[in-house]
Q: 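So that we are looking at the same thing, I have put the structure below in structure tokens.
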Amino acid sequence: MITTKEDYLESLRTLGLKVYYKGALVSDITSHPGILPHINAAAKTYEMALQPEYEDLLTARSHLSGKRISRFTHIHQNIDDLIKKVQMLRLIAHETGSCFQRCVGFDGINAVYMTTYDIDQRYGTDYHARFVRYLRYLQDENFILVGGMTDPKGDRSKSPSEQADPDLFTRVVERRAEGIVLRGAKAHQTGAANSHEILVMPTQALRPGDEPYAVTCAVPLNAKGVVLIFGRQTNEERKFDSRIDAGNPEYGMVGGEALVIFDDVFVPWERVFMCGEIDFAGILVERFATMHRQNYGGCKGGVADVLIGACALAAEYQGTLRASHIRDKLAEMMHLAETIYAGSIACSAMGYKTPSGAYYPDPVLANCTKHNVSRHIYEIARLAHDIAGGIIATLPYEQDLRSTEIGRLVEKYLAGVAGVSTENRIKVLRLIETMTGGTALVESMHGAGSPQAQKVMYQRLGKLDMKIRMAKKLAGIND
Ligand code: SF4
């Protein structure tokens, strides 16, 4: 069982994942400078769970075993669990300033728990009992599970079975007496290179003819045929040769996403939780997406808190903190951060019990929260750039600061207020740059689904008919 950060690192060393980084197979991910920051962020979920002051948020009582378990492996038993999830995410983000990855698998297990129960009710299958056995194993081992949903999708105007290459959506290519053979890929998989297992789920609603794509199963990431290709991130190579220029050197910029490929991977039936039930694919996708969208005001709210603090510090170092327009911008940033957090708390507070017994957040409010994140985080970043100044785009290299020839010139001409070191000023400016650039922003837009996916949910669940009826009634229209 994994308890400490050291346990986690050791488990990754022995796992032997096939991870490719910049075209080369990585021999030890725990010592790779491009992957280690993401490992550190995920490790925070183990470290904080051991701190007594965080135990209530970071752990929970398993409804299966009665044992104290990581909250990331827990099935929500009530509204309090839903709220604590959001509080936990904001808290951890304060420590990492970036994604810590484990929520995707967390949302996956909750979505699959509810949906396997419903499939069994309709078809008399035994998926739920299988999944509960798997869940106990996951809870007991305290593994990190990737929530594997997004397929590459190829030509998006075509369904899975209409694609020129049928593998562009993950599918079952063979059913055997002992299990299935899986082929395909999952894209943008948060934390995949430093996780233990992946929970494969369909990527969208399916229709007749798409049965091989209606598959949910758990696959160890070191299974034969699994290949991971690490995604390139903005400025990631700064972590190779510098601490200051990396901005947030201990942790990743986002979640360390990877393309996970299943090259004919065998999965025993015991680990298969949906196989061909196309009518439940869309339901599972919607549940997973709702629960991941619930999170975004928590983790992004927490990341925004760090960024707001960095902006205030930069302003202090530059002598502008007392300026009224700076204080106004900081207040605006706080308003936006609290707004997204309020959305996550609201959808949790308005959650309800599903037939499986697991609790589920209000889907309209959860989608609205993520939608606000895709706007507000950009606005928070815009205000951060405004406060920090153009210097975040023109700072010299750390090596210039360290240079025996020109270091003193960098010290002299990049100095801020008296008493603050130039190095500290550069550090906080680099942190702002890291938290507001490239990959970090795109993650707020497309993580947990693009804004259009949220609009589809309003169209489905936004009760437009009811709204029209209300308008007609007040206007006196009786047709
Ligand atoms: Fe968790 Fe946020 Fe990362 Fe998603 S983006 S895995 S919710 S920390």
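Counting starts at 1 for both ligands and their atoms, following the listed order. Positions are given from 1, in the same order as the sequence printed here.
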Q: Output, by chain and residue number, all protein N/O/S atoms separated from atom 4 (Fe) of ligand 1 by less than 2.8 Å.
A: H292 NE2
Q: If you round to the nearest 0.5 Å, how far is CG of D241 from CD of E398?
A: 8.0 Å
Q: Give the atom numbers and elements of ligand 1 that come within less than 4.0 Å of a heavy atom of K300.
A: 5 (S)
Q: Using every non-hydrogen atom in the two residues, find where L199 and F131 come nearest and quote the distance to one decimal.
A: CD1-CE1, 4.3 Å
Q: Looking only at non-hydrogen atoms, find the nearest pair between V172 and C275 and report the distance.
A: CG2-SG, 4.3 Å
Q: Sub-3.5 Å donor-acceptor pair from the side chain of R293 to the main-chain atoms of T369, do we have one?
A: no
Q: Under the 6.0 Å and 45° cation-pi test, does K85 pair with F106?
A: yes
Q: List every atom of ligand 1 that sits less than 4.0 Å from any heavy atom of F100, numbering the atoms from 1 in the order shown and giving each element.
A: 8 (S)
Q: Go through the steps for H38 and Y251 under the test ring pair (Phe, Tyr, Trp, His ring centres under 6.0 Å), then give the verdict.
A: CA-CA 6 Å; H38 306 287; Y251 303 104; over 10 Å; no
Q: For residues Q139 and K67, determine if any side-chain heavy atom of one lies less than 4.5 Å from a side-chain heavy atom of the other.
A: no
